[in-house]
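If you read the sequence from its start, that first residue is 1, and numbering goes on from there.
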Amino acid sequence: MTEKNRRFLIYAALALGIVLHLSYCAIAVTAPDRLLRPDSGGYLEPAAALAQGAGYPTTTRPPGYPLLAAAVYVCGGDNAVLAFIGTLSAIGACAVTGLAAGEYGGKKCGIIAALLALFNLTVIANAPLLLSDSWFFLFAALQLWLFVLFYRRNDCRMVWGCAAIAAWGTLIRPINQLFILPLVVLIFIHPVLPLRKKFIAAGISCLIFAALVLPWMYRNYHCGATFAIDTNTGAMRHQNGAMLMAEVNGTDFESEKSRLLAEEQQLSFPDVRSHENWRIREFKSMVISHPFIYFKQHFNWQILLPDAPSFLENLGVTTANRGTMGVLKRDGVLTACRHYFGSNWWIYPAILLPLLLVVLLLYGASLLRLIIDIKNYRRNWREIVVFLAFCEYYFFLPGAITAPRYQLPALPFLCTLAACMISHYVEKTAAEN
């Protein structure tokens, strides 16, 4: 194949991916209510208040996504426009993933990584949803890109930018609030930076992160809540706690969740702070009582499942809220598919097979790359640590709640690893021929 034809195929594939995203969003927004999820109101209601000049009325959710939504509303847009912006954010994240991978493993690696992200079923399905995940996906890709620039160019300004992006990402999704810890570790294992510069880079990174995150935490405390990014952390009691107790009691997620919520609703609290402190205290007591089961639940491969349900729900093909997560945890993937899709459960995976094959390629190639890294750990141990920071961090923290959208921030580096493996194989095959 000539270089001209190869370039044409690359541009055609990128164009096809973008058209797929935009077309999918255009169909989904014909019924914007399909893009709402139970968490959507927690973001859109404060956004509406901001747009009306009423200030930020809640401590339940961080301000990152509501600020974006409020800007859309102020400019005269509606939720359909916000869905398109979510799609553009996802496309942008795929492009930034390509930039990061290109810096990490070369131009060919960057193109492959961008395509793996662009045709990822979970990325496509979640892009138009009226949730914060696709917006956070963009920030996760940006923080990876800046980190790779720091590692490749030994420029401390890049890691300071990474810390700033990580902090802004925390104000979108609080799962990022501990990311500064692995980032500091990554600074100190830099292969060539002098120790004095490592201390300076790490110290300034921590200061930048704290300067952007702590004021919002203080704002919440001043409003009568806890000193935290949001007051949704306590929901872990009836989410992760329900998963924990379901395994302990041999029951199911939905019944344990209902029981825990019923217990909570029977109590009254004088303010938000006491309510949140009670929920967190109760959840901690569950974890302390069953620490090994709780820790084990954090290593769950089901977080990697592609988000076919959201893809179909956004199109109105299927509906949500069927208790599928409980079935998945109790009886496994095949039973969950039959439960969700019905008697003809195999038809939908067959229709989505091209996108599912992209996911399979992504996981297979990245796994092979990690196996090679582990076999050659003396030479490749830094890449393993980067994987733990940029992928396993996001897989581990959600615990037993394995919603597919939680994999989004891990995809930029996962696509990078897979692209490195694929590009190496392509180059090896070309050399042999």
| said: Under the criterion ring-ring contact (aromatic ring centres under 6.0 Å, His included), I'd like the reasoning laid out for Tyr406 against Phe395: C-alpha separation, chi angles, the key distance, then a yes or no. | reply: CA-CA 7 Å; Tyr406 293 166; Phe395 294 148; over 10 Å; no
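- Looking at Tyr56, its side chain does come within 3.5 Å of a backbone N or O of Pro62 through a donor-acceptor pair.
- Heavy atoms only, all atoms of each residue included: Ala47 and Ala69 are closest at CB-CB, 3.5 Å.
- Taking the side chain as every heavy atom from C-beta outward, Ile180 and Leu183 approach each other to under 4.5 Å.
- Annotation: side chain of Ile374 is not in contact with side chain of Tyr377 (no heavy-atom distance under 4.5 Å).
- Looking only at side-chain heavy atoms (C-beta outward), Thr226 and Thr59 stay at 4.5 Å or farther from each other.
- Taking 4.0 Å as the cut-off between side-chain N and carboxylate O, Asp373 and Arg379 do not count as a salt-bridged pair.
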Step by step, would you call Lys375 with Ile372 a side-chain contact (heavy atoms from CB on, under 4.5 Å)?
CA-CA 5 Å; Lys375 288 179 65 176; Ile372 293 172; 5.7 Å; no
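- Side chain of His298 to main chain of Tyr294: a donor-acceptor pair is present (N/O by atom type, distance under 3.5 Å, no hydrogens or angles).
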Checking Phe283 against His238 for the side-chain contact (heavy atoms from CB on, under 4.5 Å) test, could you report, in this order, the C-alpha distance in whole Å, the side-chain angles of both residues, the deciding distance, and whether it holds? CA-CA 8 Å; Phe283 177 64; His238 62 261; over 6 Å; no
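- Considering all non-hydrogen atoms of both residues, Thr97 and Thr416 come closest at O-OG1, 4.4 Å.
- Arg157 has a carboxylate O that lies under 4.0 Å from a charged side-chain N of Asp155, or vice versa, which qualifies the two as a salt bridge.
- Tyr393 places a side-chain N or O within donor-acceptor distance of the main-chain N or O of Ile175, the cut-off being under 3.5 Å.
- A donor-acceptor pair shorter than 3.5 Å can be found between the side chains of Asp307 and Asn126.
- The nearest pair of heavy atoms linking Leu193 to Cys156 is CD2-SG, 4.0 Å.
- The number of heavy-atom neighbours closer than 6.0 Å to NE2 of His424, taken from other residues, nucleotides and ligands shown, is 12 or below.
- Environment of CH2 in Trp346: sparse, with no more than 12 heavy atoms of neighbouring residues, nucleotides or ligands closer than 6.0 Å.
- Each of Arg405, Gln407, Arg37 was evaluated against Asp133; a single residue qualifies, Arg405, per the side chain to side chain donor-acceptor pair (under 3.5 Å) test.
- Under the 4.5 Å side-chain criterion, counting only non-hydrogen atoms from C-beta, Asn120 is in contact with Leu362.
- The distance between the ring centers of Tyr65 and Phe136 does not fall below 6.0 angstrom.
- Inspection of the Thr318 and Tyr340 side chains reveals an N or O donor paired with an N or O acceptor under 3.5 Å.
- Within 6.0 Å of the OH atom in Tyr348, the count of heavy atoms belonging to other residues, nucleotides or ligands does not exceed 12.
- Ring geometry for Phe295 versus Phe299: interplanar angle over 60°, hence perpendicular rather than tilted (30 to 60°).
- Judged by distance alone, with hydrogens and angles left aside, the side-chain atoms of Thr335 form no donor-acceptor pair with the main-chain N or O of Gly332 at under 3.5 Å.
- Between Glu276 and Arg237, no side-chain nitrogen of the basic residue sits less than 4.0 Å from a carboxylate oxygen of the acidic one, so the salt-bridge criterion is not met.
- With a 6.0 Å cutoff to the six-membered ring centre and a 45° limit on the axis angle, Arg219 counts as a cation-pi contact of Trp216.
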* Tell me, with the steps shown, if Val19 and Leu22 meet side-chain contact (heavy atoms from CB on, under 4.5 Å). => CA-CA 5 Å; Val19 169; Leu22 294 175; 5.9 Å; no
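- Not one N or O on the side chain of Thr231 forms a donor-acceptor pair closer than 3.5 Å with the backbone of Ala225.
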TODO: For Arg259 and Glu254, run salt bridge (Lys or Arg N to Asp or Glu O under 4.0 Å): C-alpha distance rounded to whole Å, both residues' side-chain angles, the deciding distance at 0.1 Å, then the answer.
DONE: CA-CA 9 Å; Arg259 179 181 64 82; Glu254 295 297 337; over 6 Å; no
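- By the 4.5 Å heavy-atom criterion applied to side chains, Arg369 and Glu383 are counted as neighbours.
- Applying the 6.0 Å contact sphere to CZ of Phe199 captures no more than 12 heavy atoms from other residues, nucleotides or ligands.
- Minimum heavy-atom separation, Gly399 to Asn240: CA-ND2, 3.8 Å.
- Here the side chain of Asn314 pairs no donor or acceptor atom with the backbone of Leu129 at under 3.5 angstrom.
- In this structure, CG on Leu414 lies 7.5 Å from CG on Leu304, to the nearest 0.5 angstrom.
- Side chain of Asn232 to backbone of Ala235: no donor-acceptor contact under 3.5 angstrom is found.
- Residues Leu131 and Ser40 have side chains in contact (heavy-atom distance under 4.5 Å, counting atoms from C-beta outward).
- Between Asn277 and Arg273 there is a side-chain heavy-atom pair separated by less than 4.5 Å.
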Glu313 and Arg34: salt bridge (Lys or Arg N to Asp or Glu O under 4.0 Å), yes or no, with the steps?
CA-CA 7 Å; Glu313 288 164 15; Arg34 292 201 297 249; over 6 Å; no
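- Taking every heavy atom of both residues into account, Phe137 and Leu408 meet most closely at CD1-O, 3.3 Å.
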message = For a side chain to side chain donor-acceptor pair (under 3.5 Å) check, start with the C-alpha distance between His290 and Glu247, then their side-chain angles and the critical distance, and finish with the verdict.
response = CA-CA 10 Å; His290 310 283; Glu247 184 167 345; over 6 Å; no
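- Although no hydrogens or angles enter the test, the distance criterion places a donor-acceptor pair under 3.5 Å between the side chain of Tyr24 and the main chain of Phe311.
- Side-chain contact between Phe150 and Ile187: present, with at least one pair of heavy atoms (C-beta onward) separated by less than 4.5 Å.
- Note: Phe390 and Phe179 have perpendicular aromatic rings, judged against thresholds of 30 and 60 degrees for the angle between ring planes.
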Next item on the list: Starting from the C-alpha separation in whole Å, work towards a yes-or-no answer on side-chain contact (heavy atoms from CB on, under 4.5 Å) for Phe119 and Val123.
Entry: CA-CA 8 Å; Phe119 286 95; Val123 173; over 6 Å; no
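- A donor-acceptor distance shorter than 3.5 angstrom exists from the side chain of Gln177 to the backbone of Pro174, with no hydrogens or angles considered.
- Counting non-hydrogen atoms of neighbouring residues, nucleotides and ligands closer than 6.0 angstrom, the CH2 atom of Trp345 exceeds 12 such neighbours.
- Judged purely by atom type and a 3.5 angstrom limit, Lys257 has no side-chain atom pairing as donor or acceptor with the backbone of Gln239.
- More than 12 heavy atoms of other residues, nucleotides or ligands shown are found within 6.0 angstrom of CZ on Phe227.
- Classification of Arg279 and Glu282 as a salt-bridged pair fails, no side-chain N sitting under 4.0 Å from a carboxylate O.
- Trp160 and Ile200 get closest at one heavy-atom pair: NE1-O, 4.3 Å.
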